[in-house]
Amino acid sequence: MPAPTALQRAPETLGLERPQDVPISASNDGDLEDIEIDTSTPAQLTSFAPSTPTQPTDTTMQIADEEGRPQYPATTPTNTASPTTTALKTQSRKVPVPPHRMTPLKNSWPKIYPPLVEHLKLQVRMNIKSRAVELRTSRYTTSPSALQSGEDFIRAFTLGFDVDDAIALLRLDDLYIETFEIKDVKTLQGEHLSRAIGRIAGKDGKTKFAIENTTKTRVVLADSKIHILGGFRNIRIAREAVVSLILGAPPGKVYGNLRIVAGRMKERF
């Protein structure tokens, strides 16, 4: 490749053929200032540089909008049967069902699968042999979070929540499930653990219902595990009430704290 200063010399010194449309004035001393080169088109300067292979350019890149940004045509799938559908990878989830929840699952199955199939556009089946509910996306699934929402719905039912309460996870985005054990709060064994569970439930479930109605949550007592379904702030209030009962606070004091919290929540909204 010639030096960059070689382009400023006369064509005779480079041993190249002089272009026909480049006028050069005669000079005795070979002054470079007398050389006049027409730079109107870049094609006249390419004869001084070694030729390089040209790459095919896409004509669609030359189209620009008013701001000078290139515009590209919309891509169409070529490996599908119709141009309106795209090839999507099928994803699947498998939610195990505890043995004590198989019978409620069979009884409530007519109310469980319609929201998954009609609303989320998922394929679902109940596998009796493996004791699990299998979910799978299809070409009709439009929401990218449909599979995760369906898994949360089935998992909430397997934890012990009613179908009507678990369906709320499909309709609202700010609902969560928090699970903790009594031993995470305080190590209790034997009759002490039984009395702690009794304080949380109350007589005929009175204390548990009071916590649920005040904090607008749903509480499930599964042996020593406690599951709470609701909003983030409501779960925190319900968890504080349950922790107070586990630590031995009398139910009357917990009721008073719940009344204060309920009044603050009403003033806030």
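Reckoned from all heavy atoms, side chains included, excluding hydrogens, waters and symmetry mates.
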Undergrad: Spell out, yes or no, whether V242 and I237 are grouped together once hydrophobic residues are joined by side-chain heavy atoms under 4.5 Å, including indirect joins.
TA: no

Undergrad: Report whether L116 and F161 are members of the same hydrophobic cluster (ILVMFWY, side-chain heavy atoms less than 4.5 Å apart, transitive linking).
TA: no

Undergrad: Are more than 12 heavy atoms, taken from residues, nucleotides or ligands other than R195, located less than 6.0 Å from that residue's CZ atom?
TA: yes

Undergrad: Looking at every heavy atom in both L120 and A146, which two are closest together, and how far apart are they?
TA: CD1-O, 3.6 Å

Undergrad: Output a table of donor-acceptor pairs, distance under 3.5 Å, between side-chain atoms of residues 169-179 and any protein atom two or more places apart or on a different chain; print 'none' if there are none.
TA:
| unit_1 | atom_1 | unit_2 | atom_2 | d |
| --- | --- | --- | --- | --- |
| E178 | OE1 | R239 | NH1 | 2.9 |
| E178 | OE2 | R239 | NH1 | 3.0 |
| T179 | OG1 | H227 | ND1 | 2.9 |

Undergrad: V220, V243: one ILVMFWY side-chain cluster at the under-4.5 Å cut-off?
TA: no

Undergrad: Same cluster for L229 and L258 if Ile/Leu/Val/Met/Phe/Trp/Tyr side chains link at under 4.5 Å?
TA: no

Undergrad: Test of understanding: with side-chain hydrogen bond (donor to acceptor under 3.5 Å, both in side chains), list the residues that count as partners of D184, not counting sequence neighbours.
TA: none

Undergrad: Could you see if L247 belongs to whatever hydrophobic cluster contains V261? Use Ile, Leu, Val, Met, Phe, Trp, Tyr and a side-chain cutoff under 4.5 Å.
TA: no

Undergrad: May I have the list of side-chain donor-acceptor pairs in residues 150-158 shorter than 3.5 Å, sequence neighbours left out?
TA:
| unit_1 | atom_1 | unit_2 | atom_2 | d |
| --- | --- | --- | --- | --- |
| E151 | OE1 | R93 | NH1 | 2.4 |
| E151 | OE2 | R155 | NH2 | 2.8 |
| D152 | OD1 | Q148 | NE2 | 3.1 |
| T158 | OG1 | I154 | O | 3.4 |
| T158 | OG1 | R155 | O | 2.7 |

Undergrad: Can you sort out the partners of T207 under side-chain hydrogen bond (donor to acceptor under 3.5 Å, both in side chains), two or more places apart, ordered by chain and number?
TA: Y255

Undergrad: Go through the structure and list residues passing salt bridge (charged side-chain N to carboxylate O under 4.0 Å, His left out) with K253, not counting sequence neighbours.
TA: none

Undergrad: Return each pair, listed once, that meets side-chain hydrogen bond (donor to acceptor under 3.5 Å, both in side chains) where at least one residue sits in residues 98-121; pairs must be two or more places apart or across chains.
TA: none

